[in-house]
Structures are given as C-alpha cells and as structure tokens.
Amino acid sequence: MKISRHQIIAFATVAREGGFSKAARRLNIGQSAITQHIAAFEEAIGSQLFFRSRTGVQLTFVGRELFSLADQIHVLEEQLFEKAHQYINLKEGHISLCISTSRPAMGIIAAFKKQFPGINIDLTVAPWRDALKLVQIRKVDVAIAIKPKEKTSTLYCQDIEERSFMAILPSQHPLSRCKELTLYDLLAETIILSCESSYTRFCTDKLFKQLGVAPNNILTTNTYEMMFEAVAHGLGIAIALEHASTTYQATVAIPIKELSEKHTYSVFCLKNKASLRVIHNFMDVTASLVG
C-alpha cells in the first residue's frame, strides 16, 4: 500500500500539535479526514504511530523515528509553496515561539505583530535549555533565549544583545549604594534565584561550586517578575540577568564582580526553517530592532 503526502502531513501535524482536533484546525480540514489519514498510514507501515488518551496523543517508538523526517517533508512542502507565492504579502499565517524571559522577547513579538497582524502566534515560556530542545525537536519554530554555548550546526542564530548578571536589592538596603558587589557580600543574605532549570541557576550554582561556598539561604522563584516582586517586599537579594524584566522602582541593580561575563540573548530556529517567509520576516523584524 502506497503512503500519500496527505498521510505524511497529517501525521507530522498531529505529532507537532499533540492531538487530532488541533491538527485538523491547523490544516483546515475535518477531524475525520485526519483520522483516516493516520489509520491508512498505520496500516501501510504495519505499526501504531500514537498512543491515544483523553488528554491527547503520544508518539510510539515508531512514531518518534518517523516524525523528524515527516516534519522535514512538511517544511520542504511549505518552502515550495511559499516560493511559488513569494509576491503575496503575509496577510495570514502561523508561527510558534518559545521565550525564556519577557524582555526582550515581548518587545520583538509586539513589533512583529504590529507589522503582520494577520499572523497567529503560539507562545510558550520555558527555561533556556527547554527552549533549545523544543526548537530541535520541532515543537516550536523560533526561540528567544540565551545563546547556547555548545556548537549547534543545525541552528540559525541571530544575536540580540549581551547582558551580565546583577544583584537586585531593595533601594533602602545598606548595600544599595555600592557601585559593585562581590558574591561574598551576598552570602549572609537570603539569595533569590530562579528555578533549577533556568540559565541563572545554572551559572550561579556553577560559580558557588567553583568557589566552594554556599549561601545561608536560597529562595527559589519561577519567574523573573516574581523575583523582583520578592526583592521589592524585602525577602532577599536576587541574582538576575540585567533588563530581563520590568524594573521595580523600589529596587536597584548592582554589578557582581564574579559574574561580570557577558551572556548573549539570541533568536534561533532550525536552519532548514530559516527561509520560511513567516520565520524569515520574524528574523527581519528582530534585526531592525537590534540595528
């Protein structure tokens, strides 16, 4: 039995969207058609592609092996379609994004949406390594996060800006008038850090281990916004990348000597998706803001 392109596209979309009904809406066809395509594909290869449950679907071992190739076929088809319609303005479309912090991501997204109001945006918030993984496994199109230090030959990266870590203190704190702090100045304080999977926690835990020291107390939060709110209420001193969130008037940011290294925020996607018009235009909008 032959496998059709409709079956491949239906399979890739169900796997990416996580469900049959979501895939049907994305492809603008009936759910019964999606079900028929998947059933025909499974019959053709003699293996089940998905585990089905009330909450959605999960790829089987066979499904995982086929998904990456099927999604590449889907991308190539989209590229062919867009090349044939390159003179049509982007009046409608879809892009999925993953961000690790609200700034600078929200400013970029707002500028893109203003220029292309017809493009639907799916937005996910995740720590930096998870953002990279979601791009690599093709669950999202574009991520805005700290640039990975390891070489990733499959990624196209566009740098946005560089940042250093700062100590965020209440404006009335005795250390708030210092021009620079050392990590040792903070050890006696409650240090507010983001979750263990965050880039901030990765860097600070690594430094604590190198120096052979440990804070007296750590308060863990899930977002930068929560960190700043905790500082404003006098719960401790936070360590965060500068300008990663809206600055509270009741706080001050002071450089930390041992954490002065610059870290690069970037927009990245898979190289074979960088030429897709929606993604290409998102990169263009980013470049115009950086320039």
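Given the structure is predicted, the values throughout are model-derived calculations rather than measurements.
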Starting from the C-alpha separation in whole Å, work towards a yes-or-no answer on side-chain contact (heavy atoms from CB on, under 4.5 Å) for Leu59 and Leu66.
-> CA-CA 10 Å; Leu59 286 166; Leu66 293 176; over 6 Å; no
Hey, are the side chains of Leu181 and Leu186 touching, using non-hydrogen atoms and a 4.5 Å cut-off?
-> yes
Indicate, with yes or no, if the rings of Phe282 and Phe116 have centres closer together than 6.0 Å.
-> no
For the atom pair OG1 (Thr286) and CD (Gln158), what is the distance rounded to the nearest 0.5 Å?
-> 5.5 Å
Hey, is the main chain of Trp128 close enough, under 3.5 Å, to the side chain of Ser100 for a donor-acceptor pair?
-> no
Are Ile137 and Leu276 co-members of a hydrophobic cluster defined by side-chain heavy atoms under 4.5 Å apart?
-> no
Enclosure of Lys139 NZ (heavy-atom neighbours >12, cutoff 6.0 Å) | yes
Please lay out, stage by stage, how Gln36 and Gln7 fare under the test side-chain contact (heavy atoms from CB on, under 4.5 Å).
-> CA-CA 9 Å; Gln36 291 170 14; Gln7 294 166 13; over 6 Å; no
Given side chains that start at C-beta, do those of Arg277 and Asn281 come closer than 4.5 Å, heavy atoms only?
-> yes
State, yes or no, whether a side-chain contact exists between Val278 and Met283 at a heavy-atom distance under 4.5 Å.
-> no
Check: Phe50 main-chain N/O paired with Arg52 side-chain donor or acceptor under 3.5 Å | yes
Report yes or no: does Gln79 contribute a side-chain atom to a donor-acceptor pair with the main-chain N or O of Asn272 at less than 3.5 Å?
-> yes
Measure the spacing between NE2 of His74 and CZ of Arg138 and express it to the nearest 0.5 Å.
-> 11.5 Å
Identify the heavy atoms of Val135 and Ala143 that sit nearest to each other, and give their distance.
-> CG2-CB, 3.6 Å
For the hydrophobic clusters of this structure (ILVMFWY residues joined by side-chain heavy atoms under 4.5 Å, transitively), does one cluster hold both Leu235 and Ile254?
-> yes
Going hydrophobic residue to hydrophobic residue with side-chain gaps under 4.5 angstrom, can you get from Val125 over to Ile160?
-> yes
Qualifying residues under ring pair (Phe, Tyr, Trp, His ring centres under 6.0 Å), relative to His263, sequence neighbours excluded | Phe165, Tyr199
Between Gln31 (side chain) and Ala24 (backbone), is there a donor-acceptor pair under 3.5 Å?
-> no
More than 12 heavy atoms from other groups under 6.0 Å of CD on Glu162 | yes
Decide salt bridge (charged side-chain N to carboxylate O under 4.0 Å, His left out) for Arg26 and Glu17; before the verdict, give the C-alpha distance in whole Å, the side-chain angles of both, and the deciding distance to 0.1 Å.
-> CA-CA 8 Å; Arg26 177 70 185 275; Glu17 298 294 324; 2.9 Å; yes
So, the side chain of Thr101 versus the backbone of Arg103: is there a donor-acceptor pair under 3.5 Å, distance only?
-> yes
For Thr264 and Arg163, does a side-chain donor sit closer than 3.5 Å to a side-chain acceptor?
-> no
Any luck finding a side-chain donor-acceptor pair between Thr154 and Gln136 under 3.5 Å?
-> no
To the nearest 0.5 Å, atom CG of Asp122 lies from atom NZ of Lys22 at 9.0 Å
For Ala250, does its backbone N or O pair with a side-chain atom of Ser171 as donor and acceptor, under 3.5 Å?
-> yes
So how far is it from Thr124 OG1 to Leu134 CG, rounded to the nearest 0.5 Å?
-> 6.5 Å
Nearest heavy-atom contact between Lys273 and Asp141 is NZ-OD1, 3.3 Å
Closest non-hydrogen atoms of Lys262 and Ser164, given as atom of the first, atom of the second and distance, are CD-OG, 3.3 Å
Between Leu183 and Glu258, the two heavy atoms sitting closest are N-OE1, 2.8 Å
Between His37 and His6, how do the two ring planes meet: parallel, tilted or perpendicular, split at 30° and 60°?
-> parallel
Compute both the distance and the angle, then confirm whether Arg16 meets the cation-pi test with Phe67: under 6.0 Å from the six-membered ring centre, within 45 degrees of the axis.
-> no
Check whether any side-chain heavy atom of Leu241 sits under 4.5 Å from a side-chain heavy atom of Ile146, and report yes or no.
-> yes
Audit row: Leu289, Ile108, side-chain contact (heavy atoms from CB on, under 4.5 Å) steps and yes/no = CA-CA 7 Å; Leu289 294 175; Ile108 296 171; 4.0 Å; yes
NZ (Lys113) with more than 12 external heavy atoms under 6.0 Å = yes
Of the non-hydrogen atoms in Gly19 and Val57, which two are nearest, and what is the gap between them?
-> N-CG2, 3.9 Å
Could you check if a side-chain atom of Ile29 sits within less than 4.5 angstrom of a side-chain atom of Ile34, using non-hydrogen atoms only?
-> yes
Has the side chain of Glu42 got a donor or acceptor atom that lies under 3.5 Å from a matching backbone atom of Leu49?
-> yes
Is there a chain of hydrophobic side chains (I, L, V, M, F, W, Y, each step under 4.5 Å between heavy atoms) that links Leu270 to Ile95?
-> no
Hey, are the side chains of Leu97 and Val140 touching, using non-hydrogen atoms and a 4.5 Å cut-off?
-> no
For residues Ile279 and Val142, determine if any side-chain heavy atom of one lies less than 4.5 Å from a side-chain heavy atom of the other.
-> yes
Closest approach of Phe20 and Ile38, non-hydrogen atoms and distance?
-> CE2-CG1, 3.8 Å
Under 3.5 Å donor-acceptor, Thr220 side chain and Ser194 backbone = no
Crowding at NE2, His233 (>12 non-hydrogen neighbours, <6.0 Å) | no
Ile8 CD1 to Ser4 OG distance, which is reported to the nearest 0.5 Å = 7.0 Å
Short question: side chain of Ser176, backbone of Gln172 - any donor-acceptor pair under 3.5 Å?
-> no
Taking C-beta and beyond as the side chain, do Leu169 and Thr251 meet within less than 4.5 Å on heavy atoms?
-> no
Would you sort out whether Ile256 and Thr182 count as a side-chain contact (heavy atoms from CB on, under 4.5 Å), showing the intermediate values?
-> CA-CA 5 Å; Ile256 303 170; Thr182 71; over 6 Å; no
Between the CD atom in Glu196 and the CG atom in Asp205, the distance rounded to the nearest 0.5 Å is 7.0 Å
Are Ile9 and Phe11 co-members of a hydrophobic cluster defined by side-chain heavy atoms under 4.5 Å apart?
-> yes
